[in-house]
Number of protein chains: 2
Amino acid sequence: MFKRIIIAEDIDSENLGIVSSINALTQTEAETNQSCDKTLSRIKEAIIKEQPYDLLISDLSFNLDTRISHNITTGKELIHQVKNIQPDIKVIVFSGEDKPAIIKSLFDSYNINGYVCKGLYGLSELKKAISQVYLGNTCTCPVSKHALHQSNVTQLDPYEVQLLKLLANGYKQDEISLHFIEKGIEPNSKRSIEDKIRKLRQDFDAKTTIQLIHLVDGMGLIS
Amino acid sequence: MFKRIIIAEDIDSENLGIVSSINALTQTEAETNQSCDKTLSRIKEAIIKEQPYDLLISDLSFNLDTRISHNITTGKELIHQVKNIQPDIKVIVFSGEDKPAIIKSLFDSYNINGYVCKGLYGLSELKKAISQVYLGNTCTCPVSKHALHQSNVTQLDPYEVQLLKLLANGYKQDEISLHFIEKGIEPNSKRSIEDKIRKLRQDFDAKTTIQLIHLVDGMGLIS
DNA sequence: CTATCCTTTGTGGGAAACCACATAGAGTTC
DNA sequence: GAACTCTATGTGGTTTCCCACAAAGGATAG
């Protein structure tokens, strides 16, 4: 079983439950940190001391202590950085986030080993996931498995994301055109942007562009 | 100090931390339930047995077990119902939600006694709140206090909420007009609806109606 | 090389949204 | 009740958006 586990979880009321539950399972003392920066520096230290952690359990969103400044503000960034300096570390995400698009992107781009949604049975699912990941498998809890297996796990390419963000931020179609021309992004004609928006409306079954933005907002696709 | 405390919190990893922390403070055994329905029925039973609870600590959003059907699905509804059958019970909300509009509406419409945001120091803030509420005060943690004291705690009236919801759901202005006429809601002329939308755009400093929806979405005003 | 497909861009017309000016009625103040 | 304000609504004009048709350019298969 894992010997050195580190947890990144900001909410103090969660920490207690997670740590005691994990300690019972693994017969070892898991370490917990309430900020991403702290977690990363602890992982760095451990590598230098040649006692690297073998499992990172991380939340995704963090309430930041506003009195100090932060380099890393989300679990996603944290995982990215950690995988850079220690590619072989196992990573399980333990988060309340259940949006398919977000879960999928973590497996696709960040190569995580497990995803467990906080919820009614989150803790027991987390324990299962730890055992499975230790055996070399990847593991998803029922909730996230269901999310991943939805047929319409819409993925947007960077162009579409940027287009939608500009729309959401009050840009009109010709302003978007100008903006793309400035930035050298193509296609950038007024007409093409119109088409892209139309296509997105169709994909999302939106009657108006307003509804389109409402939908992608709700799916967390432009956050 | 409170003698009979009931907690509504769906996430199992939270329960452990909250309960042990509260028990230490109050020297009593708090009861916890993972669903709103269960919580309400326990409160009803307690009244019948003439051993009513004196404090409810409730989350706002609940992951629902999809295998069974639910009457109450949110903490807001739960609090409403509980206050109906036992007006003198004290209520503290313990939630990750930090949107000013939502926090404010709970104090205004549901008459809660305290609000604590889950976060870095959520548990210790919760303990403070329990003591304060026991003394008859209302209590907000620093995070929610800050949220409440923002100058622009925009509150929308029901008409505006409905208008924005229709827009978000793909209705065009003349469709909204027809819809309002059908429902007997006034004002309902195409022209007036246009004006209402314009006013909202100004209030929220939105350049387009698309941006307006994006903004109110983000503030949780139409969810 | 040619035929074909797909994407980008153009054009023009119609629909929806936006805006400025104006009128009517309800409620207030004096 | 006259003057005033505020809201709801109407009209007409401008802008923005939406859509159908089409031409130009690049990529690909045969």
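By convention in this document, chain letters (A, B, ...) are assigned in the order of the sequence lines, proteins followed by strands, and residues within each chain are numbered from 1.
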Practice task
Determine, for B:Lys76 against B:Glu97, whether the closest basic-nitrogen to carboxylate-oxygen distance falls under 4.0 angstrom.
Solution key: no

Handout entry: B:Lys207 NZ - C:dC18 C1' separation (whole Å)
Key = 16 Å

Problem - Distance test, side-chain N/O of B:Thr209 to OP1/OP2 of C:dA17, below 4.0 Å - result: no

Handout entry: Distance, rounded to the nearest Å, where A:Ile185 contributes CD1 and C:dT7 contributes P
Key = 19 Å

Practice task
Check the pair B:Tyr134 / B:Asp54 against side chain to side chain donor-acceptor pair (under 3.5 Å), numbers first and verdict last.
Solution key: CA-CA 9 Å; B:Tyr134 183 69; B:Asp54 44 17; over 6 Å; no

Practice task
Kindly say whether A:Tyr159 contributes a backbone atom to a donor-acceptor pair with the side chain of A:Gln162 at under 3.5 angstrom?
Solution key: no

Completion exercise
Axis-to-axis angle for the helix from C:dC1-D:dG30 to C:dC30-D:dG1, ends of five pairs each, to 10°, equals 30°

Problem - For atom CG of A:Leu212 and atom C1' of D:dC18, their distance in whole Å - result: 14 Å

Problem - Rounded interatomic separation in angstrom, taking CG from B:Asp195 and P from C:dC21 - result: 14 Å

Exercise for the section: Evaluate the ring planes of A:Phe107 and A:Tyr115, with Trp represented by its six-membered ring, and classify them as parallel (under 30°), tilted (30 to 60°) or perpendicular (over 60°). Expected result: tilted

Exercise for the section: Give one of base, sugar-phosphate or nothing for A:Lys196, where a contact means two heavy atoms less than 4.0 Å apart. Expected result: sugar-phosphate

Practice task
Would you mind reading off the distance between A:Ile210 atom CD1 and C:dA17 atom P, rounded to a whole angstrom?
Solution key: 7 Å

For nucleotides 11-16 of chain C, give me every protein contact, N/O to N/O, under 3.5 Å, one pair per line with atom names.
from: C:dT11; atom 1: O4; to: A:Arg191; atom 2: NE; distance (Å): 3.2

Exercise for the section: With the side chain of A:Arg198 defined as its heavy atoms from C-beta on, choose the nearest nucleotide among C:dT9, D:dC19, D:dT9. Expected result: D:dC19

Problem - Length of the line joining A:Leu178:CG and D:dT16:P, which is rounded to integer Å - result: 12 Å

Fill in the blank from the handout: In whole angstroms, the gap separating C1' of C:dA17 from CD of B:Gln211 amounts to 16 Å

Problem - Under 3.5 Å donor-acceptor, B:Thr209 side chain and B:Leu212 backbone - result: no

Exercise for the section: Answer with base, sugar-phosphate or nothing: what part of the nucleic acid does A:Ser192 contact at a heavy-atom distance below 4.0 Å? Expected result: base

Practice task
Whole angstrom is fine here: how far is it from CD1 in A:Ile181 over to P in C:dT8?
Solution key: 14 Å

Exercise for the section: Provide the closest heavy-atom pair for A:Glu160 versus A:Lys199 in the form atom of the first, atom of the second, distance. Expected result: OE2-NZ, 4.3 Å

Exercise for the section: Check the side chains of B:Asp65 and A:Tyr121 for a donor-acceptor pair under 3.5 angstrom, ignoring hydrogens and angles. Expected result: yes

Practice task
Please tell me if the side chains of B:His70 and B:Cys36 come closer than 4.5 Å, counting only heavy atoms from C-beta onward.
Solution key: no

Handout entry: Minimum-distance pair of heavy atoms, taken over all atoms of B:Leu123 and A:Asp12
Key = N-OD2, 2.9 Å

Practice task
Determine the contact category for B:Asn188: base if any of its heavy atoms lies under 4.0 Å from a base atom, sugar-phosphate if only primed atoms, P, OP1 or OP2 are that close, otherwise nothing.
Solution key: sugar-phosphate

